[in-house]
Amino acid sequence: MHEKLRTFVGPITEQSRSDGRRSRPTSWTSPSFDQSEIVGLSEDTRKIKDWILCHSESLHRVGIVGMGGLGKTTIAQKIYHDRQVNVSFQKKVWVSISQTFDELSIMKAILKQLSADDSGTEKRDLLNRIRDALSHKSYLIVMDDVWSIDDGWWDSISRGLPKFIEHNSCIIITSRNEDVVKRMGATESRIHRPRFLNDEESWSLFCKVALLSTKGKCNTQLEEVGRWIVRKCHGLPLAIKTTGGMLSSKSHSVGEWMRICENFREKLVSDCESNISVMASLQQSYDELPSRLKQCIWCFSIYPDDHEIEAEQLVRWWVGEGFVRADGTETATEVAFNHLSELVSRCLVEAVQRRNFDGRVYSCKMHDMVRDMTILVAEDEKFCSFNRDRRHISTVYSRHLGVTKETSFQSLAGNSKLRALLLTSTNSIGFSRKTALAEIKTLRVLDLSFVKLDHICLLDLWQWITSLKRLAYLNLRDVANLEEIPDSVRKLWGLQILVLRECKELKSLPTSITTLPRLAILDVGGCPSFSCLPQGLSGLSNLEELYGFKIPSPATTEACRLSEVVALNQLRVLQLDITEESTIDEKELAALKQLRLLRVLSINAWDCENKHIIRKLDNLSPPTRIEELYLRHFLGETTPAWINPISLPQLQYLCIEDSRVLSHMNEKFWGDNEGRWNVEGLCLKFLPRLGETWETFETAMPALKYLEISHCNSLKNFPCNIEGLGYWTKPEEEQENKDDQDVISCDGSNEGEVDEVH
């Protein structure tokens, strides 16, 4: 553990090896709280009170989810002591789960608060006493700070709680893990996520603590510095209170506060010695992570403060460096996206953009306080090395480097451990064969997306790249002046991911690209000058994702044709590009049908007016297991006949966009009594002539949950804006009634902006 962390992380309670559970940090909470130190929670408490006082269920579950220090426990405490709540419930119980880790201790804690006999160790007897004490009464139970229910304690206790229709009762669960709350029975519509405090709320809370002796008053100069300090807390209540407590014992002078401000992070770490400090609270969340997620979260340390990170860059880094691997049923990329979703669920990472129909994260960021904790851990684990102020990565010893404008490559000389280099906030590296970077040979991950280089630099760059024998992930997205890939790319025998997306001048790939034995992702989408993929693509037996497969013309004899794709039996994602020159032979129409693992199909017709091609597209035969389908720039008056619920029974998301001709859906699209769509997400954009009604879509797609519409002015009766950008989400109550199997049952057992690919 990092030396600074070691000073303030509290004692860890050890459990016997035979217990089989991980030790959990001791952090006891109680229902008691200081009302005078509460700021900005009125909306939170009003919302949750409405949920728990106006429901008709026999046992209602409400979740409060957020990162450490956000005020989850404080909200629960305020509700617990609310006068209306006290009147509404005959019995109240507060259980701090982080203090009592097993069902026996929890049962005894509940009985003690109910003034019932808590003697003995027979769980069945204790559970019967709880049931007797609560029978025929309305009750409120707060389960505070729940970290996990994997050991089964919740299953046992929840089954024993009485559920009487005539007595409305409620359980409030606070946790840093959204998945835990849902598994305990809280539905999405009954999960509250506290927000960060705004500037004025932050200042008000700070004054209550730091300026207690002067009743919150200070001179103008001191307030200016104080507000500057408060902004560094980024609205996190625990950080504000901790900082205020630190300053309350110091001289209220501008000079003293300026010194604190200039060394804010170092002071916050060194002055926090109790296990309720900011870093200790966040460290608990890190300690609870399974080992498979810890390396993943270290990666966030190389990004600048408040930086929005593309999820694709992250997950491909994790795959390239071997932090995640395929598990047999899912590809390594799919596993990596699941890991990112879990970090979001655990409130350590914030999702900035995610698609609605399945929740996949597309971009994310990390709160600065969490990032500070991550930096400390990453340094301790020798993952990367930072300069003294921890604002910039030291290039001398780092194994992982995020390149910014301030990065100097000269100090890389002698670094024999660098494994990953990514451009994070710059598009210039000034590369030449004489730089120290050119001497690095140990990279597994190299992301130079959006870099600006001249032709001479590119020659030197390729000479260096092809010398990186361990390279597994290479991203050259939108690299200026990149016209071709050298034949020497064949030397990168370990390459798994190659991204050349949006390289405007890229014309072709060498045949040697087909000899890379481990290549799993090849992305040449969005390259307007690109002619075709080379023949021999069938040799890429491990290819899982292929973007930018341009169907060639007959004149391009050296091009890979659609029939060759059949051999790619591991393919999960395929993006086809069709131009006026493209031709599809009759025998190729059924080629896609043989891709049995294909889950995502994207067809970009690029406004092709060739009627022959349009007819051929109408006769394509995709595999029946397609889950996501994207049709863009298609100039047929009706959708292809194969887009129907019988041919695509597993389709979950459908996106049709950018067609100035499409006026209605093919009659087969609507299905019949024997077949209805299972689509959950629908996106219709820039289809000015499409004149269908909402009622027909609603009938044909009973499972539809999310809808995105943009510039489809001829649609009729739709429940959202059709002229600009409109969204619709099915009310959760309707979703629950439609799909009860997705709802967690009361005893804890499982019953059960729409976005697009490239």
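Counting begins at 1 with the first residue of the sequence.
- The shortest distance between side-chain heavy atoms of E321 and R419 falls below 4.5 Å.
- Side-chain polar atoms of Q283 and D287 form a donor-acceptor pair below 3.5 angstrom.
- For the pair R360 and F337, the cation-pi criterion (under 6.0 Å, within 45° of the ring axis) is fulfilled.
- Aromatic ring orientation, W94 versus Y80: perpendicular (interplanar angle above 60°, classes split at 30° and 60°).
- Side-chain contact of D144 with T73: a donor-acceptor pair under 3.5 Å is present, judged by distance alone.
- Side-chain contact check for R231 versus R227: some heavy-atom pair is nearer than 4.5 Å.
- Remark: the backbone N or O of G66 is paired with a side-chain donor or acceptor of K72 at under 3.5 angstrom.
- Counting only heavy atoms from C-beta outward, the side chains of I48 and I52 approach each other to under 4.5 Å.
- With no hydrogens or angles considered, no side-chain donor-acceptor pair links Q295 and E381 at under 3.5 Å.
- Ring-plane geometry between F206 and W257 is classed as perpendicular, the angle between the planes exceeding 60 degrees on a 0 to 90 degree scale with a lower cut at 30.
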Test R501 against N475 for side chain to side chain contact (heavy atoms under 4.5 Å, CB included), laying out the working first. CA-CA 9 Å; R501 166 166 294 276; N475 189 344; over 6 Å; no
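- Between the side chains of D478 and S449, not a single donor N or O lies within less than 3.5 Å of an accepting N or O.
- Looking at K232 and M369, their side chains never come closer than 4.5 Å, going by heavy atoms from C-beta outward.
- Inter-residue side-chain proximity for V85 and K49 is flagged as met; some heavy-atom pair is nearer than 4.5 Å.
- With hydrogens and angles left out, the side-chain atoms of D44 and H192 include a donor and acceptor closer than 3.5 Å.
- Partner of L197 under the side chain to side chain contact (heavy atoms under 4.5 Å, CB included) criterion, chosen from L236, V230, L205: L205.
- Side-chain N/O atoms of Y473 and W318 include no donor and acceptor closer than 3.5 Å.
- Side chain to side chain, S363 and E310 fail the donor-acceptor criterion of an N or O pair below 3.5 Å.
- Residues D447 and Q313 have side chains that bring a donor and an acceptor to within less than 3.5 angstrom of each other.
- Using cut-offs of 30° and 60° on the angle between ring planes, the pair H367 and H234 is perpendicular.
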Stepwise side chain to side chain contact (heavy atoms under 4.5 Å, CB included) test for Y727 and C720: CA-CA 6 Å; Y727 298 95; C720 61; 5.8 Å; no
